[in-house]
Enquirer: 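Quick one: this structure, given as structure tokens, is what I'll be asking you about.
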Amino acid sequence: MDTGRRPLWQEEPATRPRMADPVRTAAVRAVIIVALTLIQAMVAFLCTLAGSWFAFPAVLSTVASTVVATWAVLDVWVTRQVWVQRNGVQSQPSSTARELRRERRRARRQRRRESREGPSRAPRTAA
């Protein structure tokens with residue numbers, strides 16, 4: 001029973017493969033740290049404009065948070081490099097490449113069969 005309505009959204013396959021779990025974990029951690037650092041920087045800036053006593057400690061902690069955020073972003077890059085080195089690039093051959101390999105394999109097997117059957121089929125002479 002078709003009502004003629006279209007669904008609100010349609011599922012589409014992902015264009016890029018999903019990130020590996022350790023890389024995704026490092027990326028989420030980095031995004032949270034960077035977001036908190038930006039909020040902290042904004043608080044330090046506003047406290048500086050207002051002339052608050054909290055401006056100096058806020059600026060110092062923002063500088064420290066910037067170092068930590070840089071470390072977190074570098075951690076994502078290093079984690080990704082390590083994962084790719086350990087697990088390699090996961091690729092699947094295309095169907096044409098697979099078919100060519102099958103044909104070559106069949107030809108090799110056929111040649112082996114023919115070479116094995118050739119001499120054994122010849123009549124044996126009594127010595």
Side-chain angles (χ1 to χ4, degrees):
M1 182 165 143
D2 187 20
T3 60
R5 289 185 176 183
R6 291 185 348 204
L8 289 176
W9 68 83
Q10 291 181 347
E11 296 286 333
E12 294 180 7
T15 56
R16 292 180 60 174
R18 187 174 164 173
M19 274 193 284
D21 286 340
V23 179
R24 188 171 42 255
T25 303
V28 168
R29 184 175 39 237
V31 166
I32 291 171
I33 290 172
V34 168
L36 290 175
T37 301
L38 289 173
I39 291 170
Q40 197 173 9
M42 184 58 74
V43 167
F45 177 71
L46 292 175
C47 286
T48 303
L49 287 180
S52 171
W53 65 270
F54 189 64
F56 183 68
V59 169
L60 286 181
S61 66
T62 300
V63 169
S65 292
T66 303
V67 171
V68 172
T70 304
W71 186 269
V73 171
L74 282 174
D75 181 47
V76 174
W77 181 68
V78 168
T79 304
R80 182 180 175 280
Q81 295 298 322
V82 167
W83 191 89
V84 167
Q85 253 186 355
R86 287 185 182 162
N87 300 300
V89 177
Q90 303 292 326
S91 64
Q92 296 177 348
S94 67
S95 58
T96 55
R98 196 175 299 125
E99 188 58 38
L100 287 173
R101 271 202 325 270
R102 282 185 191 135
E103 287 176 16
R104 278 191 234 122
R105 210 175 302 133
R106 280 188 206 120
R108 275 196 311 264
R109 286 180 187 150
Q110 185 65 30
R111 281 194 306 268
R112 268 190 249 133
R113 259 189 240 122
E114 289 171 358
S115 67
R116 271 190 248 139
E117 291 175 358
S120 65
R121 298 268 180 203
R124 293 186 184 176
T125 58

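The figures that follow rest on heavy atoms only: side chains count, while hydrogens, waters and symmetry mates do not.
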Enquirer: Just how far is it from atom CZ of R24 to atom CG of D21, taken to the nearest 0.5 Å?
Expert: 4.5 Å

Enquirer: Taking atom CZ of R105 as the centre, report whether more than 12 heavy atoms of other residues, nucleotides or ligands fall under 6.0 Å from it.
Expert: yes

Enquirer: For a 4.5 angstrom cut-off between non-hydrogen side-chain atoms, does L36 reach Q40?
Expert: no

Enquirer: Just wondering, do T37 and V68 contact through their side chains at under 4.5 Å, heavy atoms?
Expert: no

Enquirer: Does M42 belong to the same Ile/Leu/Val/Met/Phe/Trp/Tyr cluster as V63, with side-chain heavy atoms less than 4.5 Å apart forming each link?
Expert: no

Enquirer: CZ/R104 to CZ/R106 distance, rounded to the nearest 0.5 angstrom?
Expert: 12.5 Å

Enquirer: Which atoms form the tightest heavy-atom contact between A26 and V76, and what is the distance?
Expert: O-CG2, 3.3 Å

Enquirer: Check Q110, E114, R108 against R112 for a side-chain contact (heavy atoms from CB on, under 4.5 Å) and give me the one that passes.
Expert: R108

Enquirer: In Å, rounded to the nearest 0.5 Å, how long is the span from CH2 of W53 to SG of C47?
Expert: 9.0 Å

Enquirer: Within this structure, what is the CD1-OG1 distance for the pair I33 and T66, rounded to the nearest 0.5 Å?
Expert: 12.0 Å

Enquirer: Answer yes if the side chains of Q85 and Q81 hold a donor-acceptor pair under 3.5 Å, and no otherwise.
Expert: no

Enquirer: Should F45 and T62 count as side-chain neighbours, where that means a heavy-atom distance under 4.5 Å?
Expert: no

Enquirer: Contact between R80 and M19 at the side-chain level, heavy atoms closer than 4.5 Å - yes or no?
Expert: no

Enquirer: If two hydrophobic side chains count as joined below 4.5 Å and joins carry through other members, does V34 share a cluster with W71?
Expert: no

